[in-house]
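Notes for the one structure printed next.
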Amino acid sequence: MPELPEVEVVRRGLERWVVGRGIGDVSVLHPRSIRRHAAGAGDFSGRLAGRAVTAARRRGKYLWLTLDSGEALLAHLGMSGQLLVQPAERAPERHLRVRVPLDGDGGELRFVDQRTFGHLMVDSLVADTAQVRPDTAAAVGADLAVPSVIRHIARDPLDSAFDDRAFAEALRRRRTTLKRALLDQSLISGVGNIYADEALWRARLHGERATADLERPRVATLLEQVRAVLRDALEDGGTSFDGLYVNVNGESGYFERGLKVYGRRDLPCERCGALIRRVAFMNRSSFSCPKCQPEPWFSEAAP
DNA sequence: TATCTGACCTGCGCGC
DNA sequence: TGCGCGCAGGTCAGAT
């Protein structure tokens, strides 16, 4: 399931293989994949044809290719989306949704998506209003505009301009629980179910703990562990289950073997030996260690 | 205004 | 063998 590390790996691939190339006649093979492009497939293709790709950017789980028209091709991989750079003559993948021919060597960018939770759209770029750490404001100000539909997405914790203090204050203002907050992309972006569980385990925090009474040092520890798990996953090329996440060359990452709690129900915790528990949470699963991450209505483990 | 919930979607694994 | 069901989960509209 693509979260920040997986999307960043894809972005790097696009930067290498797609930036600088021109776009030909785009084919939309499944309308749901461009459902957020309100003007429809004809307009989508028309805005891309003949344009050149000038950069590959990312915020959280969103990535976009800036175009020489001043617009951007925005992509979200959803649950199972893949952006592949393939020779045009290669047989189409079973779940190929959109083809974007590229000039040069005859290759094309393909959007493949089994579950169709992902989407593509062409959007205008607007001034970036996300929270910026004060000491980086000048540098960032000259940097980015963002697609208008993702203005509400917060900076991600690997962004040099991510403001730890502002995040801590926003977290304490919320009347919600830790894991819900980590999954809230308007508060902190790029973290999904897998890395939220992993970061909470590393920080020895229970996801049901209230954000409002989390002490500042605990927030700092949590952020530190969020960053650590994202960096570790990025180094391993991301996490892939069932081959649903791959880079632009179709290769899977290896971080699945680095997971400490996610998907390890009834297996011993590597830290204390207690059996990892799974509980239903927001129509999905949460994995945690009952000993290292005691429920908040009892006592918390020492950091 | 802030927070929560359910729908969307497809393929796989499992039980019967 | 085939059918039905549960599960996986990111986002957003609508409800509370």
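So you know, we letter chains A, B, ... as the sequences are listed, proteins then strands, and number each from 1.
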(request) Figure out the NE2/P separation between A:H76 and B:dC9, and round it to whole Å. (result) 17 Å
(message) With salt bridge (charged side-chain N to carboxylate O under 4.0 Å, His left out) as the rule and sequence neighbours excluded, what pairs involving residues 21-31 of chain A come up?
(response) A:R21-A:D105
(request) Ignoring the backbone of A:H30, work out which of B:dT10, C:dG10, C:dA8 is nearest its side chain. (result) B:dT10
(message) Running the 4.5 Å side-chain criterion over Ile, Leu, Val, Met, Phe, Trp and Tyr, what cluster does A:L267 land in, apart from itself?
(response) none
(request) Starting at atom CG of A:D156, determine the distance to atom P of C:dG10, rounded to an integer number of angstrom. (result) 15 Å
(request) Measure from CE on A:M79 to C1' on C:dA8 and round the result to the nearest Å. (result) 5 Å
(request) Starting at atom CD of A:E3, determine the distance to atom P of C:dA8, rounded to an integer number of angstrom. (result) 14 Å
(request) Can you run down the salt bridge (charged side-chain N to carboxylate O under 4.0 Å, His left out) pairs that involve residues 81-95 of chain A, sequence neighbours left out, and say none if there aren't any? (result) A:E93-A:R110
(request) Would you mind listing every side-chain hydrogen bond (donor to acceptor under 3.5 Å, both in side chains) that reaches into residues 228-237 of chain A, with sequence neighbours excluded? (result) A:R202-A:D232
(request) Mark up nucleotides 2-8 of chain B, 5' to 3', with B wherever a protein heavy atom is under 4.0 angstrom from a base atom, S wherever such an atom reaches only the sugar-phosphate, and - elsewhere. (result) -SSSB-B
(request) Could you note down all residue pairs passing ring-ring contact (aromatic ring centres under 6.0 Å, His included) where residues 9-39 of chain A supplies at least one of them, sequence neighbours left out? (result) A:H37-A:F44
(request) With the side chain of A:Q185 defined as its heavy atoms from C-beta on, choose the nearest nucleotide among B:dG11, C:dG10, C:dT11. (result) C:dT11
(request) Go ahead and write out DNA chain C as dot-bracket, 5' to 3': ( ) for pairs within the strand, [ ] for ones crossing earlier pairs, | when the partner sits on another strand, dots for unpaired; Watson-Crick or G-U wobble, both distances under 3.5 Å. (result) .|||||||||||||||
(request) Round to the nearest Å and state the distance from A:R97 atom CZ to B:dC9 atom P. (result) 11 Å
(request) Grab the CG-P distance between A:L77 and C:dT11 for me, whole Å please. (result) 10 Å
(message) Check A:K260 with A:E198, please: is the shortest side-chain N to carboxylate O separation under 4.0 Å?
(response) no
(request) Using whole Å, report how far CD of A:Q114 lies from P of B:dC12. (result) 6 Å
Write down the protein N/O and nucleotide N/O pairs, taken from nucleotides 12-16 of chain C, whose separation is under 3.5 Å; answer none if there are no such pairs.
from: C:dC12; atom 1: OP1; to: A:R36; atom 2: NH1; distance (Å): 2.8
from: C:dC12; atom 1: OP1; to: A:R36; atom 2: NH2; distance (Å): 3.1
from: C:dC12; atom 1: OP1; to: A:Y62; atom 2: OH; distance (Å): 3.1

(request) Return each pair, listed once, that meets side-chain hydrogen bond (donor to acceptor under 3.5 Å, both in side chains) where at least one residue sits in residues 166-178 of chain A; pairs must be two or more places apart or across chains. (result) A:R174-A:D184
(request) Please determine if a side-chain N or O atom of A:S80 lies less than 4.0 Å away from the OP1 or OP2 oxygen of B:dT10. (result) no
(message) Tell me every residue that passes side chain to side chain contact (heavy atoms under 4.5 Å, CB included) with A:D164, counting only those two or more places apart in sequence or in another chain.
(response) A:F162, A:L223, A:R227
(request) Taking side chain to side chain contact (heavy atoms under 4.5 Å, CB included) as the test, write out the residues that go with A:A274, two or more places apart. (result) A:C272, A:C289, A:P290, A:K291
(request) Grab the CG-P distance between A:N193 and C:dG10 for me, whole Å please. (result) 6 Å
(message) Suppose we screen for side chain to side chain contact (heavy atoms under 4.5 Å, CB included). Which residues come up paired with A:V149, at least two apart in sequence or across chains?
(response) A:R36, A:L74, A:M121, A:D123
(message) Does this structure show an ion pair linking A:R155 with A:D163, if we count only N-O contacts that are shorter than 4.0 Å?
(response) no
